[in-house]
Amino acid sequence: MNFLKYFLVLSLLFVQLFSSDLKNDEDIPAIVSIDWLKTNYNNPNLVIVDLRDTQEYLNGHIKNAVNIPGLKSLFDEKFMMPKLDFLRNLMSNAGIDSTSKVVAYDNGDFIWAARFYWILETLGHDDVGILKVAYGPLVEKSFTISTEEYKPEKKEFIPRVDNEKIQTKLSTLLAIGKKTIIDGRKKSHYEGKESLAKRFGHIPTAKNYACTQNYQVSENGNIMKDLNQLKEVYKDVSKDKEIILYCDGGAEAALNYIVLQELGYNVSVYDGSWLEWGNDKEVPIENPSK
């Protein structure tokens, strides 16, 4: 009888350990719920990245989140993706390697977390997601909050660039009339009433899907819409063609990238976006405002 009890206890422990391993090895969702993060918070391979400005981070952040200010870290001086050496050091210093499960969050625009997500995927690291809820009261109620800078153990990040996730000015030019092009800026920029570049308008044939359609504004922290809602937003976009996404500088487009990829579309991001295209008088534009 004692042997039977001993056997049952060992079996229960084995099941618990096996279940824990399954939990730690499961794929991270692209859009991460608070419940998922709470369940996996103690996973030794988990890296939480806060993309807000340093001062916002120091005012309060999820405990053990590492700070990578989005605007300062995810663009070079020409507002393009930084050089490979810089990114390798950035990820290594953040404690990210090939075994890491990465969750990114930001201030509620979602574009900084999305830009980070897209860069990681372009560098060959697919085990990444963005937190469905931006930093705010709901996050503060759900996790231990710290005001101390967290410095993780440095890891060795090895980039494996996936060229299919990134587009250039030339490849975008050649795609006009052949692939679907989506402009992620707000309507006034698409229509040529406003512009951050010298020229106004949009890339010819581009359709306008502002990235702000992907989330809801909330006093508790902005929240990404459910995929069923987002499927309705993009219902008129065909899955028969590859899709090139752009915006002003490649951050808003990255949010559309996450959503459309989750909905089953074949997508990539034109990194130079309108800041490059709109400042080059040699490439065509359409300006509805004229």
Side-chain angles (χ1 to χ4, degrees), residues 12-54 56-70 73-74 90-110 112-121 123 125-157 215-216 218-227 255 258 262:
L12 182 60
L13 286 172
F14 175 79
V15 168
Q16 289 175 337
L17 287 171
F18 183 69
S19 298
S20 176
D21 286 341
L22 282 179
K23 177 186 72 177
N24 289 342
D25 289 339
E26 69 178 346
D27 290 336
I28 187 170
I31 301 173
V32 177
S33 67
I34 281 182
D35 286 343
W36 190 97
L37 186 55
K38 288 169 89 171
T39 299
N40 291 272
Y41 181 82
N42 292 316
N43 186 329
N45 292 326
L46 181 69
V47 177
I48 304 173
V49 180
D50 185 317
L51 277 299
R52 297 175 299 153
D53 292 341
T54 300
E56 288 182 288
Y57 170 81
L58 293 175
N59 288 341
H61 56 268
I62 298 176
K63 186 178 181 181
N64 295 338
V66 60
N67 184 220
I68 298 180
S73 305
L74 306 181
L90 183 73
M91 303 305 174
S92 296
N93 289 330
I96 300 172
D97 64 11
S98 62
T99 68
S100 299
K101 299 179 182 298
V102 185
V103 176
Y105 69 87
D106 62 24
N107 61 354
D109 293 330
F110 290 104
W112 312 114
R115 171 80 175 179
F116 184 81
Y117 176 109
W118 171 72
I119 286 177
L120 258 189
E121 282 213 336
L123 297 180
H125 191 92
D126 295 332
D127 216 356
V128 56
I130 64 170
L131 193 59
K132 183 172 183 175
V133 181
Y135 192 88
L138 186 56
V139 168
E140 291 176 337
K141 290 176 185 176
S142 303
F143 300 96
T144 302
I145 301 302
S146 171
T147 56
E148 300 293 324
E149 182 182 6
Y150 175 64
K151 290 193 174 289
E153 178 186 349
K154 184 175 181 179
K155 299 290 181 67
E156 185 64 31
F157 182 81
Y215 62 87
Q216 297 169 326
S218 166
E219 292 181 357
N220 288 320
N222 293 350
I223 304 173
M224 289 290 294
K225 293 178 181 177
D226 292 332
L227 286 179
L255 185 54
I258 293 174
E262 281 301 287

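We number each residue from 1, following the sequence as shown.
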Novice: Considering non-hydrogen atoms only, spot the tightest contact between V32 and P29 and give its length.
Specialist: CG2-O, 3.3 Å
Novice: Is any side-chain heavy atom of P152 less than 4.5 Å from a side-chain heavy atom of V47?
Specialist: no
Novice: If you round to the nearest 0.5 Å, how far is CZ of R115 from CG of L74?
Specialist: 6.5 Å
Novice: Identify, with sequence neighbours excluded, every residue that meets side-chain contact (heavy atoms from CB on, under 4.5 Å) alongside T99.
Specialist: N45, D97
Novice: Could you tell me which non-hydrogen atom of S218 sits nearest to which non-hydrogen atom of N222, and how far apart they are?
Specialist: N-OD1, 3.0 Å
Novice: Do the side chains of L46 and L37 get nearer than 4.5 Å, heavy atoms only?
Specialist: yes
Novice: List for me each residue that meets side-chain hydrogen bond (donor to acceptor under 3.5 Å, both in side chains) alongside W118, sequence neighbours excluded, and say none if there are none.
Specialist: T122
Novice: Are the side chains of F110 and I258 in touch, meaning some heavy atoms are under 4.5 Å apart?
Specialist: no
Novice: Closest heavy-atom contact between F116 and V102?
Specialist: CE2-CG1, 3.8 Å
Novice: Just verifying a value: how many Å separate I119 CD1 and I68 CD1, rounded to the nearest 0.5 Å?
Specialist: 9.5 Å
Novice: Who passes side-chain contact (heavy atoms from CB on, under 4.5 Å) against P137, sequence neighbours left out?
Specialist: N220
Novice: Can you tell me how far the OG1 atom of T144 sits from the CG atom of N64, to the nearest 0.5 Å?
Specialist: 9.0 Å
Novice: Output all residues satisfying salt bridge (Lys or Arg N to Asp or Glu O under 4.0 Å) with D106, sequence neighbours left out; order by chain, then residue number.
Specialist: none
Novice: Listing request: all salt bridge (Lys or Arg N to Asp or Glu O under 4.0 Å) pairs with a residue in residues 131-147, at least two apart in sequence or in separate chains.
Specialist: K132-D226
Novice: Considering non-hydrogen atoms only, spot the tightest contact between D53 and P69 and give its length.
Specialist: CA-CB, 4.5 Å
Novice: Rounded to the nearest 0.5 Å, what's the gap from CH2 on W112 to CZ on R52? Could you check?
Specialist: 14.0 Å
Novice: Apply salt bridge (Lys or Arg N to Asp or Glu O under 4.0 Å) to E149 and list each qualifying residue two or more places apart in sequence or on a separate chain.
Specialist: K151
Novice: The criterion is ring pair (Phe, Tyr, Trp, His ring centres under 6.0 Å); which residues satisfy it with F157, sequence neighbours excluded?
Specialist: none
Novice: If you round to the nearest 0.5 Å, how far is CG of L58 from CD of E148?
Specialist: 8.5 Å
Novice: Check the pair K101, N40 against side chain to side chain contact (heavy atoms under 4.5 Å, CB included), reporting the backbone distance first and the verdict last.
Specialist: CA-CA 10 Å; K101 299 179 182 298; N40 291 272; 5.7 Å; no
Novice: Side chains of L255 and I130: does their closest heavy-atom pair fall under 4.5 Å?
Specialist: yes
Novice: What residues form a side-chain contact (heavy atoms from CB on, under 4.5 Å) with S98, not counting sequence neighbours?
Specialist: none
Novice: Taking all heavy atoms of H125 and all of S100, pick out the closest pair and write down the distance.
Specialist: NE2-O, 2.9 Å
Novice: Could you work out, with side-chain contact (heavy atoms from CB on, under 4.5 Å) as the rule, every residue matching A65, not counting sequence neighbours?
Specialist: I48, D50, H61, I62, Y105
Novice: Within a strict 4.5 Å, meaning less than it, do heavy atoms of the Y135 and Y57 side chains meet?
Specialist: no
Novice: Using the test side-chain hydrogen bond (donor to acceptor under 3.5 Å, both in side chains), find all partners of T54 that sit at least two apart in sequence or belong to another chain.
Specialist: N67
Novice: Once you round to the nearest 0.5 Å, how far does NZ of K63 lie from OG1 of T147?
Specialist: 11.0 Å
Novice: Identify, with sequence neighbours excluded, every residue that meets ring pair (Phe, Tyr, Trp, His ring centres under 6.0 Å) alongside F143.
Specialist: none
